[in-house]
Structures are given as C-alpha cells and as structure tokens.
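Each remark here refers to the structure printed beneath this line.
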Amino acid sequence: MPPECIGYSDQTHWMIAIRDHQDREAFAKLFDYFAPRLKGFIMKSGIGAAQAEEIVQDVMLTVWRKAAQFDPHRAQVSAWIYQITRNRQIDITRKESRPVPEELKEDPGSEADASQVVGLEQEAGLLRQALANLKPEQREIIEKAYLGELTHQEISAETGLPLGTIKSRIRLGMERLRHELKDLKQ
Amino acid sequence: MSAVTHHIPDAMLAAYAAGTLPHAFAVVVASHVSLCDHCRVALAAHQTVGGVVLEDSDAVPVSSSLKDNLFAQLDAPFVPEPVYDRSGIYPGPVMEALKGRALKWKTLGMGVRQDILTEDAHGSVRLLYIPPGQAVPDHGHNGLEMTLVLQGSFSDETGRFGVGDVEIADEDLEHTPIADAGDPCICLAATDARLRFNAFLPRILQPIFRI
Ligand SMILES: [Zn+2]
C-alpha cells in the first residue's frame, strides 16, 4: 500500500485501487463486502431476492464504471454507493431518471490529503456510533427515512443526529475542489 | 453578488438523497445544490447517514452466479450517461430537464413568460420570466411550491430572494413575491399540485396555458 494511504479503511483502499488502477482484485473484495449488505439493504424496502440481486449487480457495475468520480476527501465509500443505489432504485421503480447536481471538478493541482480522508472516516465512525446509540424506535425512523419510506413531510427536521461535525469535515474536503460558482461571482 | 441565504431544509435534502422527493422538487434541489456549497455539504452528510444504514444492513448471501455475471461485464463497452453542464444562468439539472431543446417562452400576460420543463401527476417544474415590478405568478394555495432564483431577484413579505436562493411555501403562506428592479427575474418553480395562478388568469383560461 502506498505510504500516504496509511490509516485508510479497507473499503477506501479498495475503491482507490479500482479508481486509479481498475484493480479487479480490489473490486472482488469490495464486492464481497458490499454485495450482501446491499442485497439486505434493498430487500428491506420490500423487494424480492431475485430483483434485489439484479439491482446489486447493476449498482456494482455502476461503481466500477463511475469509479473516477469517487473522492474520499468528501465521501465515504458507503455514502457514495448508497446514493448510486437509491438512484438506481428510483430509476427502476419510478421509470424516471433522477436529476443530479453538477459535479464539482477537482483542481488539477490538488494532491491527496490523507489527514482529510482519515478525518472524514473518523467522523463517519462517530456518526455510526451515534446511530447505534439511538433508541430503537428513533433508529427505525432514521432507517425508514434513508430507505425511502418516508416523505419529506414525514421526516422530522429534528432527527437527533449530530450532523454538524460531519458537515464541517465534508466542507474541508470540498475546499480542494474548484468552485465554479465562485468563478461566476468574480 | 450576494451569497445564498435561503437554503433547502434538512428534511427535504434527506428525502432527496433517499429519492422520495417528487421529481419536480428534485430538479429544484439538484439545481440549488449545483449553486450552493452549503447545501452540497449538507446533502453529503445525509448520504453519509445513508451509507451507515447501508453498511449496517444485515448481510444476505448473494447467489454464486452474481459475481461471475458481474465480472463478465466489466470489459463490455458502454455508453456513459450524458453529463449536462451549466449554460449561462441555467444549472446542469435545468439543462438536463430541457433535454437539449432551446427555451420556448410562452407569454402569460403582463410581460410574464413561462416554459414548462416537466409536468406529471405528481407535479410540475417550469421556468418563469418576470419583468421588474411584476408579481411572480402565484403558484401556491394548492400544495407545496419551491422557487429558485436564477437571475435577478424578488421580494415578498418573508424577505428578499436573490440568485441561488430558494423559497419554499405551502398553502399556509400568504405572500406576494414581486420581481425587484434591475434584471428581469428568472426562476425555476416547482409545485406538487396543479397550478392556479389565480391572481393572473381567469380559471377558464388555465387549461389553455396549462397552469
Ligand atoms: Zn443552500
């Protein structure tokens, strides 16, 4: 492993190897880790095993093809795969493609910042801990919300989740990216 | 140019990440996030929560053929999804909704014009062009409305909305947004109900104008 990646999670390592080297061994590891969890996640929303596997295959293929867009400075591997999965599920169930924001472009000169990547992983770990510590009924509401079972009116703005710290970490990660908006304002 | 001060509420960003937001509103959220780093960060935070829920899901073994099928496709040629870039004042998601067509402004009277981007049973999203001093067509009183300013600004009882700002109003909000002096105000407006621009046109004309 390159020395600058010490402290990264396995998932981040694998994803970077896939992104930078189309590394199939890493992709196999990523598959072994995520595919069963994805299948469980998708089946939670009432989709049968066979269709869930089709979606898993589709999502993992998208992960492979869109790997260049993965940026560990501002997204966890699981967060990135989560959004790909929900988008695919909407494409399939609603037969409409989901509008997505413009991609921010990486500054050509910017180098990987390991402390930022590790920092984001640590914040995500704390968020995970906070979720685990919720009362079961609170945790259930969170799961339902992110599984797409609640409308925005049903999602209480007050989820009790400490999103502030993860937000400031993501904001730091984004500062490496070119701000077209800022360009526009000048 | 002033910074964005009116943002997307957290519950709506969570619903957008989870995909439960009706398409018309999702176009507005994706457009606002394209213009607003504050909400881009907040959306990423919600995606992180979604990722935790995904990672903590009970693993269900996948059939042995799944991996083989997947790996057999890795080298297959594919057509990448088109990427829609910003064009002038119009963010990528608006360009995506236009699907490559040119703007087709239809006049609504008093110099106000509109171009309907998409419309279905769950709502509609349109561009509105409002000359300075004119009222923004009233698309409330019938559901939820989201209005994102792309050019110029408008003001109403709740404040001033400039480029990038989004106003969210439900039937409880009585307001009369008026385009400010300066450039004509161009907005992206979504609603989840059939519109009644009742301040504007007699009801009988609405089917003609599809509002
Ligand atoms: Zn915002």
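Below, read A as the first sequence line, B as the second, and so on, with proteins coming before strands; counting in each chain starts at 1. Side chains included, hydrogens not; waters and symmetry mates left out as well; all remaining heavy atoms used.
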### Task
Could you tell me whether the side chain of Arg37(A) and the main chain of Ser57(B) form a donor-acceptor pair under 3.5 Å?
no
### Query
Can you name the nearest heavy-atom pair linking Ala11(B) to Ile155(A), along with the distance?
CB-O, 3.3 Å
### Task
Give the member of Met12(B), Met95(B), Lys67(B) that has the highest number of heavy-atom pairs under 4.5 Å with chain A.
Lys67(B)
### Task
For chain A, find which of Ala42(B), Pro9(B), Ser31(B) contributes the most heavy-atom pairs closer than 4.5 angstrom.
Ala42(B)
### Task
Using only heavy-atom distances, determine whether the side chains of His152(A) and Tyr16(B) contain a donor-acceptor pair under 3.5 Å.
no
### Sub-4.5 Å side-chain heavy-atom contact between Val27(B) and Pro99(A)
yes
### Task
For Arg40(B) and Leu104(A), run side-chain contact (heavy atoms from CB on, under 4.5 Å): C-alpha distance rounded to whole Å, both residues' side-chain angles, the deciding distance at 0.1 Å, then the answer.
CA-CA 10 Å; Arg40(B) 190 184 286 272; Leu104(A) 289 179; 3.5 Å; yes
### Query
Does the side chain of Tyr33(A) come under 3.5 Å of the side chain of Glu55(B) through a donor N or O and an acceptor N or O?
yes
### Task
May I ask you to say whether Lys39(A) pairs ionically with Asp58(B), meaning some side-chain N is under 4.0 Å from a carboxylate O?
no
### Message
Test side-chain contact (heavy atoms from CB on, under 4.5 Å) on Tyr82(A) and Val53(B); report intermediate values, then the result.
### Response
CA-CA 9 Å; Tyr82(A) 166 78; Val53(B) 172; 5.9 Å; no
### Query
To the nearest 0.5 Å, what is the distance between CG (Leu21(B)) and OG1 (Thr151(A))?
9.5 Å
## Note on the structure
Interface check, chain A: of Ala15(B), Ala59(B), Gly164(B), most non-hydrogen pairs under 4.5 Å belong to Ala59(B)
### Query
Between the main-chain N or O of Leu150(A) and the side-chain N or O of Thr20(B), is there a donor-acceptor pair closer than 3.5 Å?
yes
### Query
Once you round to the nearest 0.5 Å, how far does CG of Leu54(B) lie from CD of Glu143(A)?
11.0 Å
### Query
Where does Ala145(A) contact chain B at under 4.5 Å (heavy atoms): side chain, backbone, both or neither?
backbone
### Query
Taking C-beta and beyond as the side chain, do Arg24(A) and Phe71(B) meet within less than 4.5 Å on heavy atoms?
yes
### Message
What part of Gln11(A) gets within 4.5 angstrom of chain B, counting heavy atoms only: side chain, backbone, both, or neither?
### Response
side chain
### Residues Leu70(B), Trp64(A); criterion side-chain contact (heavy atoms from CB on, under 4.5 Å); working and verdict
CA-CA 10 Å; Leu70(B) 175 65; Trp64(A) 175 259; over 6 Å; no
### Message
I'd like to verify something: which residue of Asp56(B), Asp120(B), Val83(B), Asp85(B) has the highest number of heavy-atom pairs under 4.5 Å with chain A?
### Response
Asp56(B)
### Message
Nearest 0.5 Å, please: how far is OG1 in Thr62(A) from CD in Glu81(B)?
### Response
7.0 Å
### Message
When you compare the side chain of Gln57(A) with that of Gln73(B), does any pair of heavy atoms fall below 4.5 Å?
### Response
yes
### Message
For the interface with chain A, which of Pro22(B), Ser63(B), Ala97(B), Pro61(B) has the highest count of heavy-atom pairs at distances below 4.5 Å?
### Response
Ser63(B)
### Task
Would you indicate whether the side-chain heavy atoms of Val100(A) and Val33(B) approach each other to under 4.5 Å?
no
### Task
Sort out for me which residue in Thr48(B), Val49(B), Val52(B) forms a side-chain contact (heavy atoms from CB on, under 4.5 Å) with Arg128(A).
Val52(B)
### Cationic tip of Arg65(A) above Phe78(B) ring, under 6.0 Å, 45° of axis
yes
### Asp58(A), part contacting chain B, at a heavy-atom distance under 4.5 Å
neither
